[in-house]
Participant: 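Here it is: the structure, laid out below.
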There are 2 protein chains.
Amino acid sequence: MAVVHSHHPPEDCLNCEHRHLRMFCNLTPEALADYDKIGIMMSHARGAKLFTEGDAARNVFVICFGQVKISSTSRDGKTMILKIAGPGDVMGLSAVLANVPHEVTAEAIEPCTVKTVRKQEFIDFLGRHGIASMHAAQSLSGEYLTVFHDAKRLALSGSAAGRLARLLLDWGRSSANGKPEIRFTMALTHEEIANMAGTSRETVTRLLNQFRRDQWITIRGTSLTIVKPDQLERLTA
Amino acid sequence: MAVVHSHHPPEDCLNCEHRHLRMFCNLTPEALADYDKIGIMMSHARGAKLFTEGDAARNVFVICFGQVKISSTSRDGKTMILKIAGPGDVMGLSAVLANVPHEVTAEAIEPCTVKTVRKQEFIDFLGRHGIASMHAAQSLSGEYLTVFHDAKRLALSGSAAGRLARLLLDWGRSSANGKPEIRFTMALTHEEIANMAGTSRETVTRLLNQFRRDQWITIRGTSLTIVKPDQLERLTA
DNA sequence: TCGCTCGTGTGATTTAAATCACATTCTGAG
DNA sequence: CTCAGAATGTGATTTAAATCACACGAGCGA
């Protein structure tokens, strides 16, 4: 599956995308140089699994290019999609630090490049640079918040409509980093959306059309625009 | 509400309960001594709110004695109880590190004593002791895992029965730290259990009795014993 | 071009569980 | 002890949404 390679060439890392990432955006230059030295870059094809729920956590991953679907599945086959991770997102950190197996599955949904750092190597790095530990802690806080909101959406937004509305809103806000653009691309199937909203595929289809008929959103091809955020917000309860 | 007081006397901290806590169990002696110096001890009466959802995160709290209910409420009044925190649990860490308002409400469900450390004081402490940052990160990983499991329970365990079963099982396992005791005390009302399982009070009552009739659990007073864990497990799906 | 699978759209049916509406039993404050 | 308010128990009713069961079009490899 994974088509690997090449140790990370420090030079071109100086311009590498992973540089402007949440996690290590403002390390000291030395720490940053050190960071560039650890781990290797790996490329994965669409559909490749970076790791699977239950696997021992052997690496920490930082996405440089591409998108990765983070999900979890129950014994009876129901899938919960937690998020679509993109460049800058760190994967597997909590499992590595808590020293437990991966609690989620990470699958490339498009060809992607990922910085891959062996568990111990990463921990050593954190040990060498105290400040980096704080960044890691902050990164985890962010992750925590995300999951927390998911939990809240699932538990409290009584209706399926509410959950879907919340999902779209959250989505619009995050995809437009910075200014609250309310247009974004939805390269997901209704099935996948259903898995994120904790509902069924049919319900997603119906609701999406409902929203469209009510003129709250418009869909052109793969691009979705939220026309009446306030109306969606109202459903949220 | 909060009846405060007295700066933390370092001497008696040497035997203090918070010493053997997950977060800072194996710091260096110096770091530990430093830890004992920061923050103050506060006592709170049953029902007191340590902080409320939406409040600016001004402090990090470490429970020394007592139990604290961690919950979150939606606009329409539905409550989700995330966990009952006990001695050793750290509260407010993610909000402080992510620099966002508290996302949950913490309420004492019995008289309790809590080490309270001002935000900046705590961050400075982490800065002084790089290794402590890693412990903080690990603590967050744990929290993350908890919330993650909650989310999973809510999203994937299709039936109310499944969610309740899972809750009881998780509960039994955690309350018996170490050996898998399956007896534990349930000082919670059906209403509160419902809020944790994401269901209604009536359903909890019915299911609990159902389980009892089927001899899967027994309840004597406030003590609950899981007799047939496997049967409950089966409901989990 | 022909199928084939996949994603989507929509009705009809079923079902789990929330809700409503009480009765009963604890529990603790005065 | 007594009484009021919680907490619990249980039926009847309602409802949201899952499920079932299709039809339709679009893309794609053979």
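Order of the sequence lines sets the chain letters (A, B, ...), proteins ahead of strands, with each chain counted from 1.
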Participant: With salt bridge (charged side-chain N to carboxylate O under 4.0 Å, His left out) as the rule and sequence neighbours excluded, what pairs involving residues 201-212 of chain B come up?
Facilitator: none
Participant: Would B/Ser159 and B/Leu235 count as a side chain to side chain contact (heavy atoms under 4.5 Å, CB included) here? Give the steps.
Facilitator: CA-CA 8 Å; B/Ser159 69; B/Leu235 283 184; 5.8 Å; no
Participant: If we ignore angles and hydrogens, is there a donor and acceptor under 3.5 Å between the side chains of A/Glu103 and A/Ser94?
Facilitator: yes
Participant: List in chain and number order the residues that pass salt bridge (Lys or Arg N to Asp or Glu O under 4.0 Å) with A/Arg153, two or more places apart in sequence or in another chain; answer none if no residue qualifies.
Facilitator: A/Asp150, A/Asp170
Participant: The criterion is side-chain contact (heavy atoms from CB on, under 4.5 Å); which residues satisfy it with B/Lys228, sequence neighbours excluded?
Facilitator: B/Gln215, B/Trp216, B/Asp230, B/Gln231
Participant: Taking only heavy atoms on the protein side, list every residue of residues 221-230 of chain B lying under 4.0 Å from any atom of DNA chain D, sorted numerically.
Facilitator: none
Participant: What pairs of nitrogen or oxygen atoms, one from the protein and one from nucleotides 21-24 of chain C, lie under 3.5 Å apart?
Facilitator:
none

Participant: With B/Ala194, which residues qualify under side-chain contact (heavy atoms from CB on, under 4.5 Å), at least two apart?
Facilitator: B/Thr199, B/Val204
Participant: Once rounded to the nearest 0.5 Å, what's the spacing between atom CG of B/Leu169 and atom CG of B/Leu232?
Facilitator: 5.0 Å
Participant: For B/Ile70 and B/Thr105: C-alpha separation, side-chain torsions, deciding distance, then whether side chain to side chain contact (heavy atoms under 4.5 Å, CB included) applies.
Facilitator: CA-CA 6 Å; B/Ile70 308 294; B/Thr105 297; over 6 Å; no
Participant: Of all nucleotides in DNA chain D that come within under 4.0 Å of a heavy atom of chain A, which is furthest toward the 5' end and which toward the 3' end?
Facilitator: D/dA17 to D/dC20
Participant: Could you grab the distance from atom OG of A/Ser74 to atom CE of A/Met80, nearest 0.5 Å is fine?
Facilitator: 9.0 Å
Participant: Nearest 0.5 Å, what's the CG-CD1 distance between A/Leu207 and A/Ile217?
Facilitator: 9.5 Å
Participant: Excluding sequence neighbours, so at least two apart, what forms ring pair (Phe, Tyr, Trp, His ring centres under 6.0 Å) with B/Phe51?
Facilitator: B/Phe61, B/His102
Participant: Work out which heavy atom in B/His190 is nearest to a heavy atom in B/Leu208; give both atom names and the distance.
Facilitator: NE2-CD2, 3.8 Å
Participant: How long is the gap from CD on A/Gln67 to NZ on A/Lys83, to the nearest 0.5 Å?
Facilitator: 11.0 Å
Participant: So how far off straight is the helix from C/dT1-D/dA30 to C/dG30-D/dC1, going by the axes through five pairs at either end, to 10°?
Facilitator: 40°
Participant: Nearest 0.5 angstrom please: A/Ile84 CD1 to A/Trp171 CH2, how far?
Facilitator: 6.5 Å
Participant: Is a side-chain donor-acceptor pair under 3.5 Å present for B/Asn195 with B/Lys78?
Facilitator: no
Participant: For the atom pair CG (A/Leu82) and OG (A/Ser72), what is the distance rounded to the nearest 0.5 Å?
Facilitator: 6.5 Å
Participant: Tell me, which of residues 207-218 of chain A have any heavy atom that sits under 4.0 Å from an atom in DNA chain C?
Facilitator: A/Asn209, A/Arg212, A/Arg213
Participant: Salt bridge (Lys or Arg N to Asp or Glu O under 4.0 Å) with B/Glu107: which residues, sequence neighbours excluded?
Facilitator: none
Participant: Find every protein N or O atom lying less than 3.5 Å from an N or O atom of nucleotides 4-7 of chain C, and list the pairs.
Facilitator:
none

